Protein chains: 2
Amino acid sequence: MPEQKPKQPPAGRAVVFESPTGETSTPELDDVVMDVIGRIADKWTMCVLEVLAQNGVLRFTRIGDLVGSISQRMLTKTLRQLEEDGFVIRTVYPEVPPRVEYQLTELGHSLCAAFCGVWLWAEKHYDQLQSLPKKARSA
Amino acid sequence: MPEQKPKQPPAGRAVVFESPTGETSTPELDDVVMDVIGRIADKWTMCVLEVLAQNGVLRFTRIGDLVGSISQRMLTKTLRQLEEDGFVIRTVYPEVPPRVEYQLTELGHSLCAAFCGVWLWAEKHYDQLQSLPKKARSA
DNA sequence: CAGAATCCCTGCGGATACTG
DNA sequence: CAGTATCCGCAGGGATTCTG
C-alpha cells in the first residue's frame, strides 16, 4: 500500500492542534500551547493557580496552608516561576516581619477561566474518571 | 507505632476549583481533575492525544512520525497509559509483520474537545505567551 | 513492525537546617 | 514570616540492543 501522503514530518514535532469543531491552529500556536502546558501542567502549579483564583490576594504561608502538603521549596519555586511567566504578581512589603502577597495577573485569571472547560468535562465524565485505575492517587 | 506524626494531613490538598463565573466544584471533582491532569499533562501525552484527535486511526510508527522526536520507549509507555486510562483503544492484528492500530475513545475525544478552550485562550493571548522567557523551548 | 529490556544520566522534589 | 541553601533518593526519559 503506497503511502501517497506527502505530509512527511520534518525534525521535531509536526503536531497541529485542531478542535472537534474544525478550529485548526497554526504550528506556531501549537508550539505556544505546548509551551504553556509545559509550564503550568504540574500538580503544584495547578493547585497554586486555583488557590489564587479563588482567594484573590494571599500571603506565602496562607497559600501553603490552602494547597496543603506542599514544601516551602516547591511553593517558592512554583510561585517564582508563575511570577516569571506573568501569571502571578508578587508584592513585597518592607516590614518586619516580612509580608509578601501574591495575586493572579489578568493573564493568570484568563488561563484559569480557559481551564474551566476541563472541570466541566471532568464533571460530566465523573463516573468514568473516578473509576480509572489508581495510579498516583493518594493512598 | 510509637512514631509520632503530629500533623500529617490526609496527604492532602484543600484546593477546591472554582471557575471565574462562579461554578464551584466539589472536593471530589477537584480530586478527579487533579488526577486527570496528572495523567495527561505531559508533553508526549498531549502530543499523542492531539495526533490521534486529528488523524483518527493510526499505527504505532505513524504516531511516532507525527509526534516527531519521541523515543519508542516513551511512545509505548504513553500509549499504554492512555489505553489503561480509557482514552485510547489499542487494536492488535495478528499478522506478520505485526500491525497495531490506535484510536481515541469517546472519552479521549471529549477530553480533547474540553481542551479546546485552552487553545483559544492561547490564541487570544498569543503575543504575551510567545514572548514568555524561554525555558524549555526546543524549537 | 511493534515492542521489551537494559543502561545510565538528569533533575524533580522532599526533608532539613539556617537567615534577615 | 518568607524565604535560601544543602543533601539526596528516585523516578523520568533518552539511547541502544534484542526479538516474535
Side-chain angles (χ1 to χ4, degrees), chain A residues 1-3 11-13 37-48 51-52 57-84 88-103 135-136 138-139, chain B residues 3-9 11-13 34 37-48 51-52 57-84 88-103 135-136 138:
Chain A
M1 178 176 173
E3 283 286 349
R13 287 176 304 98
I37 293 290
R39 291 169 190 267
I40 66 164
D42 82 289
K43 185 181 179 182
W44 299 134
T45 301
M46 297 291 298
C47 285
V48 169
V51 163
L52 287 171
V57 181
L58 291 174
R59 298 180 61 173
F60 183 84
T61 303
R62 180 66 178 149
I63 296 175
D65 288 342
L66 289 172
V67 168
S69 56
I70 188 174
S71 61
Q72 307 87 332
R73 172 181 158 80
M74 276 302 103
L75 183 53
T76 301
K77 282 192 60 177
T78 301
L79 285 169
R80 291 297 159 84
Q81 186 62 53
L82 284 172
E83 183 195 11
E84 188 182 345
V88 161
I89 294 175
R90 177 171 177 266
T91 310
V92 181
Y93 295 89
E95 306 173 358
V96 175
R99 180 163 57 105
V100 181
E101 291 184 342
Y102 295 88
Q103 58 185 307
K135 212 199 163 187
S138 53
Chain B
E3 184 177 344
Q4 291 183 349
K5 295 204 170 180
K7 62 168 188 145
Q8 181 75 26
R13 289 164 301 98
M34 287 306 301
I37 293 291
R39 291 169 190 268
I40 66 164
D42 83 288
K43 186 181 178 182
W44 300 135
T45 301
M46 296 292 298
C47 285
V48 168
V51 162
L52 287 172
V57 182
L58 290 174
R59 298 181 63 173
F60 183 83
T61 303
R62 181 67 179 148
I63 297 175
D65 288 342
L66 289 171
V67 169
S69 56
I70 187 174
S71 62
Q72 308 87 329
R73 174 180 157 78
M74 276 302 102
L75 183 53
T76 301
K77 282 191 60 176
T78 301
L79 285 168
R80 289 298 160 82
Q81 187 61 53
L82 284 172
E83 182 196 9
E84 189 182 344
V88 160
I89 293 175
R90 177 171 177 266
T91 310
V92 181
Y93 295 89
E95 305 173 357
V96 175
R99 180 163 57 105
V100 181
E101 291 184 342
Y102 295 88
Q103 58 185 307
K135 218 204 160 184
S138 59

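Scope of the values below: all heavy atoms of this structure, side chains included, with no hydrogens, waters or symmetry mates. Note on naming: letters A, B, ... go to the chains in the order of the sequence lines (proteins, then strands), and numbering restarts at 1 for each one. The shown structure was predicted, so the numbers you read here are calculated from the model rather than taken from an experiment.
- Atom CD of A:Gln72 is separated from atom P of C:dC12 by 18 Å (rounded to the nearest Å).
- For the pair B:Pro97 and A:Phe60, nearest-nucleotide mapping onto DNA chain D gives the more 5' position to A:Phe60.
- As a whole-Å value, the separation of A:Glu83 CD from D:dG3 C1' is 13 Å.
- Rounded to an integer number of Å, the gap from CZ of A:Arg73 to P of C:dA17 is 16 Å.
- Atom CG in A:Asp65 sits about 13 Å away from atom C1' in D:dA2, given to the nearest Å.
- In this structure, the nucleotide among D:dC1, C:dG13, D:dG20 sitting nearest to the side chain of A:Pro98 is D:dC1.
- Rounded to an integer number of Å, the gap from CZ of B:Arg80 to P of D:dG12 is 17 Å.
- Contact between B:Thr91 and B:Gln103 at its shortest, heavy atoms only, is OG1-NE2, 4.4 Å.
- The side-chain heavy atoms of B:Gln81 and B:Glu84, taken from C-beta on, include a pair separated by under 4.5 Å.
- The minimum heavy-atom distance between A:Met74 and A:Thr78, with the atom names listed, is O-OG1, 2.6 Å.
- Side chain of A:Arg59, nearest nucleotide from D:dA2, D:dG3, C:dG14: D:dA2.
- No contact: A:Tyr93 has no heavy atom under 4.0 Å from any strand.
- When each of A:Val100 and B:Met74 is assigned the nucleotide of DNA chain D bearing its nearest heavy atom, the one mapping closer to the 5' terminus is A:Val100.
- When the nucleotides D:dG13, D:dG3, C:dG20 are ranked by their closest atom to the side chain of B:Asp42, D:dG13 comes out on top.
- At D:dA2, one or more side-chain N or O atoms of A:Thr61 fall inside 4.0 Å of OP1 or OP2 (strictly under the cut-off).
- Side chain of A:Thr76 to main chain of A:Gln72: a donor-acceptor pair is present (N/O by atom type, distance under 3.5 Å, no hydrogens or angles).
- For the pair A:Tyr102 and D:dG3, the criterion of a side-chain N or O lying under 4.0 Å from OP1 or OP2 is met.
- Counting any heavy atom pair closer than 4.0 Å across all strands shown, B:Arg90 reaches sugar-phosphate atoms only and no base atom.
- Note that CD1 of B:Ile40 and CD1 of A:Ile37 are 7.5 Å apart. Values are rounded to the nearest 0.5 Å.
- If you measure from atom CZ of A:Arg99 to atom C1' of D:dG3, you get 16 Å, rounded to the nearest angstrom.
- Between A:Lys43 atom NZ and C:dG13 atom C1' there is a gap of 11 Å when expressed in whole angstrom units.
- Rounded to an integer number of Å, the gap from NZ of A:Lys77 to C1' of C:dC12 is 7 Å.
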